[in-house]
Amino acid sequence: MSTMPIMKLSGDSVKRRSFGLEKRQSLTGWVFLIPAALLIAWMNFYPMIQALILSFHTGKGTVLHWANPLWYNFARLFQDPTFKMTITNTFVYLIIQVPIMLVLAMILATILNDRTLKFRGLWRTAIFLPCAVSLVSYAFVFRTLFATNGAVSDAFMALHLTHSPVNWLGNTATARMVIILGLLWRWTGYNMVFFLAGLQNIDYSTFEAAKLDGAGPVKTFFFVTVPQLKPMILLTAIMSTNGTLQLFDESWNLTQGGPANTSMTMSHYLYQLSFQNNPNIGYGSAVSYAILIMVAILAAIQMKVGDRRD
C-alpha cells in the first residue's frame with residue numbers, strides 16, 4: 001500500500017519532464033525560426049507595405065505628398081494609354097510564349113527520359129544551359145543576330161525569303177517575336193528539368209504497359225505521361241505565368257520597349273516611371289500593385305482550374 005503514492009508521484013514526474021522537454025524543443029524551434037521570419041518580413045513585407053503607402057502619394061522625385069483623392073494613382077491607371085499598351089504586350093507574351101514553352105518542355109523531357117537514348121546527360125545539359133547564361137549576354141547576342149544587317153536578315157536574303165534587310169527590332173510584330181523567341185530559348189530547358197523530375201517519379205512500368213498494349217508515342221504521351229504530370233504542369237504554369245507578368249529583362253535589354261512602347265512590359269514601364277526621367281514613385285507603386293493583383297488573380301484561377309483533387 002505504501003508503494004502506490006510513490007508510483008503516482010513517479011508518473012506525474014514523468015509527465016512534467018515530458019512537458020518540459022516538448023516546451024524546450026518548441027522554444028528551440030522558435031529560436032531558429034524567428035531570425036529567418038524577421039529577415040523575410042524586413043526584406044519582403046516591409047517593402048510591400050511601404051510601396052502601398054507610397055501608392056497613395058503624388059509628386060516627383062523625393063518631393064511627395066498625399067494624393068487628393070487618395071486613390072488618384074489607381075484611378076489614373078485606367079486612363080493611362082501607355083499602361084494599357086504594356087498590359088497588351090505582356091499578355092501577348094503570356095498567351096503565345098507560355099503554352100509553346102511548356103509543350104516543348106514536356107516533349108523534350110519525354111524524349112530525354114527514354115532509357116534507350118544515348119548521351120542523355122549531354123542532351124539534357126545542352127538544353128538546360130541557356131537558362132544559366134547571363135541575361136545581358138544573351139540579349140546582346142540576340143540583338144546582334146536580329147540587327148537590320150545581322151545574321152538572320154542575311155540568312156533570309158540568301159534563301160530569297162526577303163529582298164532587303166528586315167528591321168526586326170523596329171517593327172512591332174517582329175520586335176515582339178524576338179522577345180518571344182528569346183524567352184523560349186532561355187526558359188524551355190529550365191521547365192524541362194521540372195518535367196524530368198516529375199517523370200522520374202512515375203513508375204516506368206506504366207510506359208512499358210502502354211507499349212505492350214500497342215500504344216504509340218503520341219497516345220502514350222497524351223494518355224499516360226500528361227495525366228501523371230498534372231501537378232508539375234500546374235506548378236510550371238503558375239511559375240511561368242508569374243514570371244511573364246513580371247517580365248523586365250528581355251523588354252529592357254532586347255528592344256528597349258520599342259518601337260513606341262509596343263514591346264514594353266508592365267515591369268519595364270514600372271522601372272521607367274520610378275527611376276528614369278522625372279521619377280514618379282507614387283504612380284510607379286500603384287503600377288506595382290496592379291501587377292501584384294494580376295499575378296494573384298491568375299495564380300488563383302490556375303489553382304482553381306488545375307488542382308482537381310478527389
Side-chain angles (χ1 to χ4, degrees), residues 80-108 126-192 236-237 239-273 276-277 287 291 294-295 298:
D80 186 350
T82 304
F83 181 64
K84 292 177 182 179
M85 175 66 73
T86 61
I87 292 176
T88 301
N89 298 336
T90 304
F91 274 86
V92 166
Y93 304 143
L94 175 66
I95 294 168
I96 296 175
Q97 175 257 335
V98 170
I100 294 174
M101 178 179 63
L102 295 183
V103 171
L104 281 175
M106 266 194 295
I107 293 172
L108 289 170
I127 296 171
F128 175 76
L129 273 180
C131 75
V133 176
S134 165
L135 284 166
V136 177
S137 300
Y138 107 82
F140 179 77
V141 171
F142 266 71
R143 283 179 66 87
T144 304
L145 288 173
F146 287 95
T148 304
N149 294 314
V152 177
S153 284
D154 291 343
F156 270 60
M157 292 175 66
L159 295 171
H160 302 289
L161 298 175
T162 59
H163 299 291
S164 59
V166 179
N167 187 8
W168 299 100
L169 302 178
N171 297 308
T172 299
T174 52
R176 290 173 175 173
M177 181 201 70
V178 171
I179 289 179
I180 290 171
L181 288 175
L183 290 169
L184 289 173
W185 180 83
R186 192 167 196 274
W187 296 111
T188 299
Y190 178 81
N191 287 280
M192 181 199 70
T236 53
M239 290 195 308
S240 300
T241 300
N242 293 351
T244 305
L245 288 178
Q246 300 173 71
L247 187 65
F248 169 78
D249 299 279
E250 283 73 13
S251 173
W252 173 257
N253 291 308
L254 281 175
T255 65
Q256 291 290 309
N261 300 329
T262 54
S263 66
M264 181 184 288
T265 61
M266 293 185 290
S267 293
H268 185 172
Y269 185 47
L270 165 61
Y271 175 81
Q272 188 181 79
L273 285 170
Q276 289 186 312
N277 302 327
V287 171
I291 298 172
M294 291 182 197
V295 169
L298 284 178

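On a predicted model such as this, the values are computed, not experimentally measured, just so you know. All values below come from the heavy atoms of this structure, side chains included, with hydrogens, waters and symmetry mates left out.
Although no hydrogens or angles enter the test, the distance criterion places a donor-acceptor pair under 3.5 Å between the side chain of Arg186 and the main chain of Val133. Ser240 contributes no side-chain N or O that, together with a main-chain N or O of Ala237, makes up a donor-acceptor pair within less than 3.5 Å. Side chain of Asn171 to backbone of Ala173: no donor-acceptor contact under 3.5 angstrom is found. Under a 3.5 Å cut-off, the side chain of Gln272 and the backbone N or O of His268 do not form any donor-acceptor pair.
Using a 4.5 Å heavy-atom cutoff, the side chains of Leu273 and Val287 are in contact.
Annotation for Ala139 and Asn253: closest pair CB-CB, 3.3 Å, computed over non-hydrogen atoms.
Each of Val103, Val98, Leu104 was compared with Ile100 under the side chain to side chain contact (heavy atoms under 4.5 Å, CB included) criterion, and only Leu104 meets it.
Below 30°, between 30° and 60°, or above 60°: for Tyr138 and Phe142 the angle between ring planes is above 60°, a perpendicular geometry.
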Between Leu169 and Thr174, does the side-chain contact (heavy atoms from CB on, under 4.5 Å) criterion hold? Intermediate values first, please.
CA-CA 6 Å; Leu169 302 178; Thr174 52; over 6 Å; no
Is there a side-chain hydrogen bond (donor to acceptor under 3.5 Å, both in side chains) between Trp168 and Ser153 once you walk through the steps?
CA-CA 8 Å; Trp168 299 100; Ser153 284; 2.9 Å; yes
For Met294 and Ile87: C-alpha separation, side-chain torsions, deciding distance, then whether side-chain contact (heavy atoms from CB on, under 4.5 Å) applies.
CA-CA 10 Å; Met294 291 182 197; Ile87 292 176; 3.7 Å; yes
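Atom CH2 of residue Trp187 and atom CD of residue Gln97 lie 10.0 Å apart, to the nearest 0.5 angstrom. In this structure, Asp249 CG and Thr265 OG1 are separated by 9.0 Å, a value rounded to the nearest 0.5 Å. Ile179 CD1 to Ser263 OG: the interatomic distance, rounded to the nearest 0.5 Å, is 4.5 Å.
Aromatic pair Tyr271/Phe248: centroids less than 6.0 angstrom apart.
Counting only residues at least two apart or on different chains, the side-chain hydrogen bond (donor to acceptor under 3.5 Å, both in side chains) pairs with a member in residues 86-95 are Asn89-Arg176.
Residues passing the side chain to side chain donor-acceptor pair (under 3.5 Å) test with Thr188: none are found, sequence neighbours excluded.
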